[in-house]
Amino acid sequence: MNLISNSDAHSLPNLGREANIMEIEEISYSEIKEAIQNKKSGKLIKTIEFHPEEGIYHYDGHRKCGVCLAPEETKKKNCICPQCGKPLTLGVAYRIDELSDRNKKDIHSLSEYVSIVPLQELIAEVLAVNKLSKKVQTIYEDLINKGKSEFNILLNLSTEELKKIVDPFMLEAILRMRSGKIYLHPGYDGQYGVVKIFSDQERINQQQKLI
Ligand SMILES: [Zn+2]
Ligand SMILES: [Zn+2]
């Protein structure tokens, strides 16, 4: 069985933000089932996902106590919050750990996957504004027009092609995202995870360049 990622269907902007690439005879239920179920068929080429750490319940913790723990640490603390003494809100990673019948060493047996950061979040990071702001939306739509599609921009366009449509800071953000050189602070207890591309120092340097 292949492990794959799929995007939620309950919010329109997020539809299709994760995807699976398959090489199948025809688009039919049985072919898709075969691709997912039968690893040896080689029909599932790749799954495109965004970092699960971004989810609001990835790690365990208490938002009000400012406590965020990885499953291993939660277990050491018997699922009790070190701050308030009440049971911790357990996250997705904890549950995965419980259900898992493979250990991390078996990671090589996973399907091919590529992790992305949604383009709107990259733009927001570069501009240091909220991803839901109008400014981000305007630039996002402009980039989609120039770059054909979000996946094309995030995954396919060469550095040379990207240079024609984005500024150097944005280019750097996309290239770092591709190479996985990013900072991830997992979400927990209803708090969104945070993806950071640039350190605070890099941001200060960049702002000084603009002045
Ligand atoms: Zn959801
Ligand atoms: Zn607590």
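Counting starts at 1 for both ligands and their atoms, following the listed order.
Side-chain contact, Tyr59 with Glu53: no donor N or O sits under 3.5 Å from an acceptor N or O. At a cut-off of 3.5 Å, with distance as the only test, no side-chain donor of Ser28 or Glu31 sits close to an acceptor on the other residue.
Listed by chain and number, the protein atoms of type N/O/S under 2.8 Å from the Zn ion (ligand 2) are His62 ND1, Cys65 SG, Cys81 SG, Cys84 SG; waters are omitted.
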Begin from the C-alpha positions of Glu202 and Arg176 and carry the test salt bridge (charged side-chain N to carboxylate O under 4.0 Å, His left out) through to its verdict.
CA-CA 13 Å; Glu202 285 175 309; Arg176 280 197 203 181; 2.6 Å; yes
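Formation of a donor-acceptor pair under 3.5 Å by the Asn78 side chain with backbone atoms of Ile80 is not found in this model.
Side-chain contact check for Ile48 versus Ile21: some heavy-atom pair is nearer than 4.5 Å.
Relative to the ring axis of Tyr192, Lys131 places its NZ or CZ within 45° and under 6.0 Å from the centre.
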